[in-house]
Amino acid sequence: MSELKSEFLQILTERGYIHQATDLAALDAKMAEGPITAYVGFDCTASSLHVGNLVSIMMLRRLQQAGHKPIVLLGGGTSRVGDPSGKDESRKLMTDEIIAGNMASIRSIFTQFLSFGDGTTDATMVNNGEWLDKLEYISFLRDVGPHFTINRMLTFDSVKLRLEREQPLTFLEFNYMILQAYDFMELGRRYGCSLQMGGSDQWGNIVNGIELARRIDGREMYGVTTPLITTADGKKMGKTADGAVWLNEASLPAYNYWQFWRNSHDADVGKFMRLFTDIPMDEVRRLEKLEGAEINDAKVILANAATAMCRGEAAAKAAEATARETFVKGGAGTDLPTIDVAAARLAGGINIVDLLVEAGLGASKGEVRRLVQQGGAKVNDVKVESIDQAVTAADLADGQIKLSAGKKRHALVKSA
RNA sequence: GGAGGGGUUGGGGAGCGGUCAAACCCAUCAGACUGUAAAUCUGACGCCUCAGGCUUCGCAGGUUCGAAUCCUGCCCCCUCCA
């Protein structure tokens with residue numbers, strides 16, 4: 001895989017998106033010739049996607065930028081079956097209502113990253129329930145069944161791992177890969193889609209689709225997978241103490257999203273810029289070389305770019321302003337988590353431990369007591385000396401009280 | 001189906017009648033050092049009305065002054081044999 005001709009694959013390679021690909025040379029030639037249509041599938045297993053899905057979303061964005069057509073496939077149909085990959089246990093079956101709700105919530109995310117419409121390079125959103133829900137069992141079996149041997153299916157990791165560990169794999173789950181393969185073929189028929197992209201765990205599913213389409217339709221299709229993105233200390237990216245880093249504002253406020261990127265490890269700054277922002281490569285190369293305190297500037301640029309893309313320019317600006325106000329000036333930015341407390345209650349004095357728990361800076365009173373005893377709690381940047389201390393209206397400064405747990409976690413209390 | 005082994009506090013994993021809220025490691029949180037980084041060092045790490053109390057060791061019973069530790073039943077898991 002020496003010199004690539006197509007802009008898209010050049011960019012993908014340069015920015016670190018490619019893990020595996022089927023017949024890259026042929027795909028490259030095809031993409032250099034003219035626009036193609038490609039898709040990534042997303043299951044509707046949660047009400048929001050998270051940064052783990054971001055690599056795939058960004059690939060679609062790159063695709064569109066390079067003049068090709070992206071399809072976002074929402075797994076309204078496949079979510080009713082459940083992908084068995086990796087997990088030891090079967091996924092719980094989700095109700096149709098939950099799936100529909102998740103799908104509606106996930107849809108909105110994509111408009112931030114792609115431009116939708118009817119133009120040749122406009123993105124399209126499709127729900128595989130459109131065809132999967134209508135399949136007739138016997139005819140489906142006759143059409144598709146002969147092209148899959150059980151022998152082969154048993155060799156795929158998603159199945160093999162489960163069997164090796166003697167974990168049950170239901171027939172329902174076993175069918176997932178067939179349905180995904182069918183999706184790819186169907187997208188080829190309906191939209192002339194010829195490329196499927198996805199995470200490295202999707203490799204088997206993608207290859208199945210390619211083979212199915214070739215056997216039944218004689219259509220040549222391709223697959224590209226992304227590497228599993230890990231952080232510099234070797235962990236799966238996107239896991240924080242509080243859980244996943246969600247893309248939806250409702251699941252994770254912009255300030256926290258911004259902070260996630262701002263707190264990247266030094267060594268990850270360049271990698272993340274390449275994958276998750278549109279910052280030009282020259283700029284990336286310059287910024288990732290910064291050392292010492294200067295790399296912090298690069299982290300801010302990363303956080304701004306990533307947040308702006310997902311949550312909009314205004315949200316990024318507000319988050320940055322709050323971070324600057326809070327961390328650089330030692331004040332309190334408006335984007336910090338805020339709780340309201342009745343004026344009367346505040347006038348009477350509220351125990352600091354109770355207040356910290358209410359503000360979400362600790363999970364239990366015991367935890368917060370420890371925090372105070374270890375000198376990690378602050379009111380208006382003054383260390384709390386005792387767990388018996390009370391916060392009163394006298395602590396209000398500019399109508400608010402700043403609570404801190406450690407150096408990074410802050411919240412505001414407002415009197416209402 | 002047969003024979004063994006096991007289910008312990010977020011994860012891993014000790015404990016095998018009292019000194020057990022339960023070793024140790026990881027993760028996590030805080031403090032120091034810094035750059036809102038990493039590494040390192042220190043401390044904490046079930047809940048509460050916190051020098052005291054309460055609820056935990058798969059589930060339900062039982063033995064005992066006293067059980068995570070013993071017994072009975074149930075559920076689940078693993079290994080080997082068929």
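Worth saying up front: this structure is predicted, and the values here are computed from it rather than measured. Every chain is numbered from 1, with letters handed out A, B, ... down the list of sequences. Below, all heavy atoms of this structure are taken into account, side chains as well, without hydrogens, waters or symmetry copies.
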Return the pairing partner of [N] with a 3.5 Å limit on both distances, Watson-Crick or G-U wobble; otherwise return none.
{"N": "B:G4", "answer": "B:C78"}
{"N": "B:A27", "answer": "none"}
{"N": "B:G73", "answer": "B:C59"}
{"N": "B:U36", "answer": "none"}
{"N": "B:U19", "answer": "none"}

Which part of the nucleic acid, if any, lies within reach of [X] when heavy atoms closer than 4.0 Å are counted: base, sugar-phosphate only, or nothing?
{"X": "A:Gly406", "value": "sugar-phosphate"}
{"X": "A:Ile387", "value": "nothing"}
{"X": "A:Glu367", "value": "nothing"}
{"X": "A:Trp258", "value": "base"}

Between atom [atom1] in [X] and atom [atom2] in [N], what is the gap in whole Å?
{"X": "A:Asp354", "N": "B:C48", "atom1": "CG", "atom2": "P", "value": "10 Å"}
{"X": "A:Lys408", "N": "B:A38", "atom1": "NZ", "atom2": "P", "value": "6 Å"}
{"X": "A:Ile295", "N": "B:U36", "atom1": "CD1", "atom2": "P", "value": "14 Å"}
{"X": "A:Glu385", "N": "B:G31", "atom1": "CD", "atom2": "P", "value": "13 Å"}
{"X": "A:Ile301", "N": "B:G35", "atom1": "CD1", "atom2": "P", "value": "19 Å"}

Donor/acceptor link under 3.5 angstrom from A:Lys407 side chain onto base of B:U34: yes
Taking atom types as modelled and ignoring hydrogens, do the side chains of A:Ser47 and A:Asn248 form a donor-acceptor contact shorter than 3.5 angstrom? no
Mind running a 4.0 Å heavy-atom check of residues 370-377 of chain A against RNA chain B and sending the residues that fall below it, in number order?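 Hits under 4.0 Å, by residue number: A:Arg370, A:Leu371, A:Gln374, A:Gly375, A:Gly376.
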Expected output is a numbered-order residue list: members of residues 323-330 of chain A with a heavy atom under 4.0 Å from any atom of RNA chain B. What is it?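 Heavy-atom contacts with RNA chain B come from A:Ala323, A:Phe327.
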Please lay out, stage by stage, how A:Phe110 and A:Phe42 fare under the test ring-ring contact (aromatic ring centres under 6.0 Å, His included). CA-CA 11 Å; A:Phe110 290 97; A:Phe42 298 88; 4.9 Å; yes
By the definition side-chain hydrogen bond (donor to acceptor under 3.5 Å, both in side chains), identify the one residue from A:Asn380, A:Asp381, A:Asp395 that meets it with A:Lys402. A:Asp381
Does any N or O in the side chain of [X] come within less than 3.5 Å of the main-chain N or O of [Y], such that one atom is a donor and the other an acceptor?
{"X": "A:Asp28", "Y": "A:Ser6", "answer": "yes"}
{"X": "A:Thr322", "Y": "A:Asp335", "answer": "yes"}
{"X": "A:Asp143", "Y": "A:Phe140", "answer": "no"}

A:Lys299/A:Glu320 under salt bridge (charged side-chain N to carboxylate O under 4.0 Å, His left out): CA gap, chis, key distance, verdict: CA-CA 11 Å; A:Lys299 289 184 186 179; A:Glu320 187 196 1; over 6 Å; no
RNA chain B: A:Val300 or A:Asp233, which has the more 5' nearest nucleotide?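 Its nearest nucleotide lies further toward 5', so the answer is A:Val300.
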A:Tyr255 or A:Arg409, whichever maps to the more 5' nucleotide of RNA chain B: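 The residue whose closest nucleotide sits nearer the 5' end is A:Arg409.
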Could you check whether atom CZ of A:Arg285 has more than 12 heavy atoms from other residues, nucleotides or ligands sitting under 6.0 Å from it? yes
A:Arg62/A:Asp278 ion pair, N-O < 4.0 Å: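 Salt bridge flag = yes for A:Asp278 with A:Arg62.
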